[in-house]
Amino acid sequence: MPASPCVVPDTTSAPLTLGRQRSIHEVEARIKSHDWVNGQYRLIVLAAPDTVLDCRPGQFFHLLCPQTDRFQPYFRRPMSIYSYDREKGELAFLYKVAGAGTSAMAELETGDTLNIVGPIGQAFEIKPEWQRPLLLARGVGLATLAPLARECASLGRSLTVICSARSPELLMSTELFRHYGAEVITVTDAEGNSGVESLTGLIEGLIASRGIDAFFTCGSARLTRMLQDIGSRHGIGGQVALEQHMACGIGMCHACVWPFRRADGAVNLRVCREGPVFDLQEAM
Amino acid sequence: MPASPCVVPDTTSAPLTLGRQRSIHEVEARIKSHDWVNGQYRLIVLAAPDTVLDCRPGQFFHLLCPQTDRFQPYFRRPMSIYSYDREKGELAFLYKVAGAGTSAMAELETGDTLNIVGPIGQAFEIKPEWQRPLLLARGVGLATLAPLARECASLGRSLTVICSARSPELLMSTELFRHYGAEVITVTDAEGNSGVESLTGLIEGLIASRGIDAFFTCGSARLTRMLQDIGSRHGIGGQVALEQHMACGIGMCHACVWPFRRADGAVNLRVCREGPVFDLQEAM
Amino acid sequence: MADLSTRVGALTLKNPIMPASGTFSEELADVFDLDCLGAHVTKTITRERRSGNPVPRVCELNGAMLNSIGIPSKGAGWFVKNTIPFYADYDAPLVISISASTADDFARFAEEVSVPGVAAIEVNISCPNIEDHGKAFAMRPGSTEDVIRKIRSATDVPIWAKLSPNTGEVVEVAQASETAGADALVTANTMLAMAIDSRSGEIRLGNVMGGLSGPALKPITLRMTYQCAKAVAIPVIGCGGISTIDDVIEYLMAGARAVQVGTATFISPNTMPRLVGELDATLAARGLASVEALIGTARLSGETTTLAEYT
Amino acid sequence: MADLSTRVGALTLKNPIMPASGTFSEELADVFDLDCLGAHVTKTITRERRSGNPVPRVCELNGAMLNSIGIPSKGAGWFVKNTIPFYADYDAPLVISISASTADDFARFAEEVSVPGVAAIEVNISCPNIEDHGKAFAMRPGSTEDVIRKIRSATDVPIWAKLSPNTGEVVEVAQASETAGADALVTANTMLAMAIDSRSGEIRLGNVMGGLSGPALKPITLRMTYQCAKAVAIPVIGCGGISTIDDVIEYLMAGARAVQVGTATFISPNTMPRLVGELDATLAARGLASVEALIGTARLSGETTTLAEYT
Ligand SMILES: Cc1cc2nc3c(=O)[nH]c(=O)nc-3n(C[C@H](O)[C@H](O)[C@H](O)COP(=O)(O)OP(=O)(O)OC[C@H]3O[C@@H](n4cnc5c(N)ncnc54)[C@H](O)[C@@H]3O)c2cc1C
Ligand SMILES: Cc1cc2nc3c(=O)[nH]c(=O)nc-3n(C[C@H](O)[C@H](O)[C@H](O)COP(=O)(O)OP(=O)(O)OC[C@H]3O[C@@H](n4cnc5c(N)ncnc54)[C@H](O)[C@@H]3O)c2cc1C
Ligand SMILES: Cc1cc2nc3c(=O)[nH]c(=O)nc-3n(C[C@H](O)[C@H](O)[C@H](O)COP(=O)(O)O)c2cc1C
Ligand SMILES: Cc1cc2nc3c(=O)[nH]c(=O)nc-3n(C[C@H](O)[C@H](O)[C@H](O)COP(=O)(O)O)c2cc1C
Ligand code: FES
Ligand code: FES
């Protein structure tokens, strides 16, 4: 029996032998720019082919961080899409330099390439009845909510964004959110207004004053729980983007499960596949 | 019981806690130059501290080749001292770029550092009765014999050197040997004069014409056996520098053993410790 | 183009590259055409629904990973109704991996999943995560022979026994599998291991211990493959740490008739199609007409020095 | 300065860093002052002269090595006359490693080398290279208990049992050692493995198979250390893949009271003195007064998510 050789998608230009649909692509993307946003976060902008730019807010990519002298990450690292632009052929990630992988990634320079797999996962859904959403972002959760804010803007939603960070220097993208027409409120641990109590007060106020009718959040288990409470009291729905340790990133390994409440009992769902965006109230 | 902390020799300037003698040192040496000698061999010259420059011909160093993108050697690599110069503070190795370790090493640039351990092993001994030695070097064996030629010259020995290589372009250091006053003869596979038969004829002739009274060789099992034959026929003694795969390089692991004939039967000796220089006739 | 096909017992695979159980699923069809693989191997399932182990379920090491996924399972019914039909669209043979806690349950379950579309059943008698910290059927020849024999009498579908590196009796377990009627061996599953965060003291898996996979495992499972291929007449399928074409070739040389790729797919989802292409190119470069020409060719170097009798 | 001392049974070591058998010898005194080590551990010897295995005896892998040195030995007489006296010049306790092919020979040999200057006898019941491809006393609790009991009755010197990762019964073997009277366990020896040159098909060790050591081994032997420290009351000494201070700390956290450094010394002969210094610095940086404060502190993360019962 003669072998039918495999075509490695994206890395060769040969056509597929069978026409089944492929939505996730592995590509080497060249770095257009790579800058520090503050002392902890970097923004990396890639020149990306059309194939991977069919993105939606809330989706992520799985990045192959390089091996360097000092850092030998093995797994890929999941990163939310911070922005994507088909016209410019650009894809950007905003990330916190933390452990081995992100530290290795931080050493990449303009002109280097980064191997990326994506776009992956379920995007945010802006339901028709959600006209006045509140976005609550803590730390890096902001990267995840940025494209959602753009989408809300383009759908004409009246948008409120609360950005929470440890200190004012670590607040990011507030200008970007304003640019999307959002009312932006910042709270920080340093200023003492980022705790659950004061935030609850603030949000209850916003519900009254601005008619908030949906919550979107990312980046903090504590704040997610708070929004669940407020949401259930006020009958406000919403979505949360979760983070969980991943291996494969595309649904094969079941590393990234998280428990969810469902009508027929609790279930474990894969953050990489059924998520990373989930119904706010279902997340446990 | 309070601990007495270890002093890591060479990497700190603290004095030793106990005065026992140390002859082998691990140092980071800076690269002064690193050039291709021909298509296969590179010469690396290091700025080395006095501690490691108490060298003798035939000894070697154990080199920690770097980890690079393409090559991840794990063991050190043994390399004969090609030259050493206490006054200039220089130490040089002439090496063939072959597998992972030497290929990784070849990527080092002037100014980089190389971690070296040495000097190690038993040196050549130029016995008083050995007045007219013949040095027979094949390929990289030449690197090993170069400092011996210098020593012979400084001891006023009348020196003959046969350099054997695959092709004339791969012959090296013939000028260096001439500079030490040696009569230099080159043979190559390409010219068809490097085989055992023609070399035997050549050497028998040299014994007659130049009164050769000792053999030193390195780099070829075939030529070693040939010299053993000629030597035993003519009652000419000598030494051979052997190569064997090594792990520790300093005598601990018994990886590098080689069998030798001794009066009381065969024994296995460590090339890194009892060698790399051995009696020509004893090597099996 | 070289002949990449290989036979594993009664099955002919169009090439020797297939996924390892638990590191592959329908979702990979989002990345490449799954029909370029020699076979499809599904994640181990159990008859009943199960949730698997607590998170964190994975951690990365230098050139390796640990997992304590366990065997989350949607149950036999769901699997037969949803998973098996998905693979019916492909030409590549479907190998399903099953597990159970007693030999009788194993046999009953094997019978239940011996349905059209299943080309072979891989029996995961070696999963180190479930039950008593890594003890499994595959630890002992006796328990292996018992479970395989019972499965054998319950199904006509070819049986692949997936062995464990956690036993000191690999050869005996391999022979017991053969004796009991297994059609092929897979060498091997993950090795029981552990990791601790040196800063916090936290154990890095929710289940404390987990299975080591990836490149660091290769020298161990390559050894098992060689041992088993020498010890049994049934085909052996190599598995453990394969990520490069050299790895594939080494396993074939050690005697494997096919190989399974696991963790490497997590690092690059296109690893398997890449290896198929590289295998073809390597055979061509070496002037070999077929994969067959590589199988079992490992040998001692002629240059091994004979040492003296004494040191 | 922190208190680096540690107790291993009756012995107090000034620090927990010592060499692993077979990766250390008198020659290392050419590199640094051996008295900075917690103990000295010699290469395994046999009573009779032996030559060890054919070359090549070692090969390098990615972040690991294989060895099939075997046990070349100059014999008991030479050892007692030459090696033991060499170490008498040092304060660090001397641990000698012995091997034999029967339990009775082991006992006789232990008695013979129970001479002044020997602080402990490490019994290498786990060397995977000799005799039938890796089968050794340490593969089974029964054979372990038998050999340790016989040695116990032949000597009063503390006995350290060096365990093997090649068994599926680590915990049982550890407990058997304790029951039979061992004073400490060393976890562990090398893991049986193999390498093939993918270009030539040559098996890379003259002995076909050999022992895996170095960083790739760590997750396996760290797991064994944790298992053993939980299962026995006697001290456990960790060994396998240690090359950084983080490795040392992880073993201590897993429950080891001391550690042995092997292959890393081949890569940098100053590894052990460096680790002693770094251990001191790490304790200081963490505000810990002693090594003791780290031992056995590994624990599960409080943040482990409780999953749903079903998938
Ligand atoms: C869907 C998704 C989207 C994300 N988007 C962003 C983003 O836009 N910007 C950003 O800075 N971070 C984001 N994160 C978190 C980011 O993945 C981790 O910060 C990153 O993996 C840490 O890697 P490291 O090498 O710095 O840390 P290490 O400590 O070296 O990581 C070790 C391992 O733990 C995993 N890990 C550690 N922290 C996390 C975490 N919070 N979530 C998941 N895995 C983790 C790593 O992936 C790796 O496998 C996202 C996570 C997920 C799951
Ligand atoms: C005492 C001594 C002195 C030497 N002097 C020189 C010299 O001056 N110049 C020079 O070019 N070469 C010399 N060699 C040989 C040199 O060590 C090897 O060419 C080198 O180790 C090959 O490494 P690699 O990374 O290129 O090959 P790889 O194939 O990656 O090596 C794999 C393993 O095999 C070992 N190995 C391979 N070939 C040899 C060999 N011939 N001898 C010992 N180990 C080997 C390597 O050290 C390594 O452990 C010497 C060898 C010894 C023992
Ligand atoms: C995340 C993960 C899940 C696995 N699940 C299973 C499984 O369900 N059944 C099984 O037999 N092996 C399972 N394995 C083991 C693999 O099939 C394979 O034997 C092992 O990972 C070694 O191969 P690798 O090094 O190529 O990954 C799993 C491995 C990983 C990494
Ligand atoms: C070259 C070599 C020789 C060894 N010889 C012995 C030995 O004689 N006796 C023994 O008990 N262990 C021996 N070992 C095993 C080591 O003592 C140690 O258990 C193992 O290498 C794991 O530690 P490491 O990863 O730090 O090297 C040897 C290991 C190596 C690498
Ligand atoms: S990371 Fe593998 S299933 Fe989500
Ligand atoms: S290389 Fe270790 S003894 Fe020679």
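Throughout, protein chains are lettered first and strands after them, A, B, ... in sequence-line order, and every chain is numbered starting at 1.
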Just how far is it from atom [atom1] of [X] to atom [atom2] of [Y], taken to the nearest 0.5 Å?
X        : Y         : atom1 : atom2 : value
Asn62(D) : Gln72(B)  : CG    : CD    : 5.0 Å
His62(B) : Ile267(D) : NE2   : CD1   : 8.5 Å
Tyr74(B) : Met65(D)  : OH    : CE    : 8.0 Å

Any chance [atom1] of [X] has more than 12 other-residue heavy atoms, nucleotides or ligands included, within less than 6.0 Å?
X         : atom1 : answer
Asp50(B)  : CG    : yes
Arg7(D)   : CZ    : no
Arg261(B) : CZ    : yes

Carefully, step by step, assess Met252(B) and Leu28(D) under the rule side-chain contact (heavy atoms from CB on, under 4.5 Å).
CA-CA 7 Å; Met252(B) 303 186 288; Leu28(D) 198 56; 3.8 Å; yes
At their closest point, which heavy atom of Val55(D) faces which heavy atom of Ala255(B), and how far apart are they?
CG1-O, 3.9 Å
Nearest heavy-atom pair of Ser25(D) and Gly251(B): which atoms, and what distance?
OG-O, 3.7 Å
How would you list all residue pairs meeting ring pair (Phe, Tyr, Trp, His ring centres under 6.0 Å) that involve residues 37-77 of chain D, not counting sequence neighbours?
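The answer is Phe24(D)-His40(D), His40(D)-Tyr87(D), His40(D)-Tyr90(D).
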Using heavy-atom distances under 4.5 Å, tell me whether Ser268(D) contacts chain B through its side chain, its backbone, both, or neither.
both
Against chain B, label Ile17(D) side chain, backbone, both or neither, depending on which of its atoms sit under 4.5 Å from a heavy atom there.
neither
Of the options Ile69(D), Asn53(D), Ile71(D), which is the one that meets His254(B) in a side-chain contact (heavy atoms from CB on, under 4.5 Å)?
Ile69(D)
Residues Glu26(B), Arg274(D): salt bridge by 4.0 Å N-O rule
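Salt bridge between Glu26(B) and Arg274(D), a charged N being under 4.0 Å from a carboxylate O: no.
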Are any of the side-chain nitrogens in Glu60(D) or Arg77(B) under 4.0 Å away from the carboxylate oxygens of its partner?
yes
Please confirm whether the backbone N or O of Asp30(D) pairs with a side-chain atom of Arg22(B), one donor and one acceptor, at under 3.5 Å?
no
Most contacts with chain B, counted as non-hydrogen pairs under 4.5 angstrom, among Glu27(D), Glu26(D), Lys43(D)
Glu27(D)
Can you tell if the side chain of Pro269(D) reaches within under 4.5 Å of the side chain of Ile250(B), non-hydrogen atoms only?
yes
